[in-house]
Amino acid sequence: MNATTVSIRPERPWSEDRPNRAEAESAVRTLIRWAGDDPDREGLVDTPSRVVRSYEEFFAGYEADPVDILARTFEETDGYDEMVMLRGIRLESHCEHHMVPILGVAHVAYLPDRRVVGISKLARVVEAFSRRLQIQEKLTAQIANAIEEVLQPKGVAVVIDAQHQCMTTRGVHKTGVSMVTSRMIGAFRTDPALRREFLSLTNAHSN
């Protein structure tokens, strides 16, 4: 897969007629009625407002630009040229097919070429992409592609290990099952020793 095949820019799937807050809350009221309950009863009367506020948090990634997040880099590294890795980044996303949570961890690494970035920015890039409606395969590629495009390192590696509640709480109801996806770019794809080092560190974190 080429880096250009998965967009890393903010995805804005709405046009100028994006529903306003009142329309969004009305839609939640409709779903409550469809589920068989009364949106006007005491326990549910404020639920539409709470759901809309929670959606603002769940899907805040549409307002984030990963390129801007990674834009500030540092060149004063005293020649450091080994792998930089951030393990166990908590990941919370939502399945675009059923709009239920995807929960897991991401492991992100890159091999610098002159420039490095603050480690918190790696976590913020994961959050920017995960707080959108997603499939795990695309999420993995987007994170790796953004780091590759902005930092232009010698290589990038991303592994995501996550559980999908569309599988654990509905459908086949299989609990304790996680999905693992990976994206290797540059040296992590061509250098087996570097790839093994990265994967061994991700496995060590899981054990």
Side-chain angles (χ1 to χ4, degrees), residues 6-70 86-108 118-143 146 158-181 206:
V6 179
S7 173
I8 67 170
R9 291 291 178 177
E11 299 176 21
R12 303 181 186 275
W14 52 79
S15 60
E16 292 182 357
D17 64 348
R18 178 186 180 186
N20 59 35
R21 180 178 294 273
E23 291 171 319
E25 291 182 9
S26 177
V28 177
R29 287 176 58 87
T30 298
L31 287 173
I32 292 172
R33 291 200 309 272
W34 178 86
D37 214 321
D38 177 10
D40 291 319
R41 70 175 176 84
E42 181 180 10
L44 290 174
V45 68
D46 292 325
T47 294
S49 174
R50 288 191 292 261
V51 170
V52 170
R53 289 198 303 271
S54 69
Y55 268 39
E56 287 178 330
E57 183 176 345
F58 292 156
F59 303 119
Y62 287 113
E63 301 296 335
D65 187 342
V67 173
D68 287 343
I69 293 172
L70 294 167
L86 197 60
R87 301 188 302 180
I89 306 167
R90 172 72 175 175
L91 182 146
E92 300 172 2
S93 190
H94 281 76
C95 164
E96 67 181 39
H97 300 143
H98 303 96
M99 295 183 71
V100 295
I102 300 171
L103 304 174
V105 295
H107 309 289
V108 178
I119 59 172
S120 67
K121 303 301 176 61
L122 298 177
R124 288 183 61 196
V125 166
V126 171
E127 184 163 288
F129 284 119
S130 62
R131 290 191 178 275
R132 304 177 185 183
L133 293 171
Q134 283 286 13
I135 61 171
Q136 187 172 323
E137 296 90 337
K138 184 172 80 168
L139 172 60
T140 307
Q142 285 177 324
I143 295 167
V158 176
V159 166
I160 293 177
D161 185 346
Q163 294 192 357
H164 294 238
Q165 292 193 13
C166 60
M167 181 176 175
T168 61
T169 63
R170 59 162 300 282
V172 295
H173 289 276
K174 297 299 182 185
T175 60
V177 177
S178 67
M179 177 176 175
V180 179
T181 49
S206 302

Q: Quick one: does Arg90's side chain get under 4.5 Å of Leu103's, heavy atoms only?
A: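 Side-chain contact under 4.5 Å: yes.
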Q: Return yes when atom CD of Glu23 has more than 12 non-hydrogen atoms of other residues, nucleotides or ligands closer than 6.0 Å, and no otherwise.
A: yes
Q: Looking at side-chain heavy atoms only, is the closest gap between Thr175 and Gln163 below 4.5 Å?
A: no
Q: Classify the side-chain pair Thr47/Arg50 by whether it contains a donor and acceptor separated by less than 3.5 Å.
A: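 A donor-acceptor contact under 3.5 Å links the two side chains.
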Q: Give the minimum heavy-atom separation between Val125 and Ala146, together with the two atoms involved.
A: CG1-CB, 4.4 Å
Q: Can you say whether the rings of Phe59 and Tyr55 are parallel (under 30°), tilted (30 to 60°) or perpendicular (over 60°)?
A: perpendicular
Q: Minimum heavy-atom separation for Lys121 and Ile69, please, with both atom names.
A: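 Closest heavy-atom pair between Lys121 and Ile69: CD-O, 3.4 Å.
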Q: Show the nearest heavy-atom pair for residues Ser130 and Leu139, with the distance to one decimal.
A: N-CD1, 3.6 Å
Q: For the side chain of Arg29 and the backbone of Glu25, is there at least one donor-acceptor N/O pair under 3.5 Å apart?
A: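 Flag not set: sc Arg29 to bb Glu25 has no pair under 3.5 Å.
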Q: Any side-chain heavy atom of Gln136 within less than 4.5 Å of one from His164?
A: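 Result yes, sub-4.5 Å side-chain heavy-atom pair found.
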Q: Could you check whether any side-chain heavy atom of Glu57 comes within less than 4.5 Å of a side-chain heavy atom of Arg131, counting everything from C-beta outward?
A: yes
Q: Can you confirm whether Leu122 sits close enough to Val126 that some side-chain heavy atom of one is under 4.5 Å from a side-chain heavy atom of the other?
A: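 Of all side-chain heavy-atom pairs linking Val126 with Leu122, none is under 4.5 Å.
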Q: Below 4.5 Å, heavy atoms only, C-beta onward: do His97 and Ile135 meet side chain to side chain?
A: yes
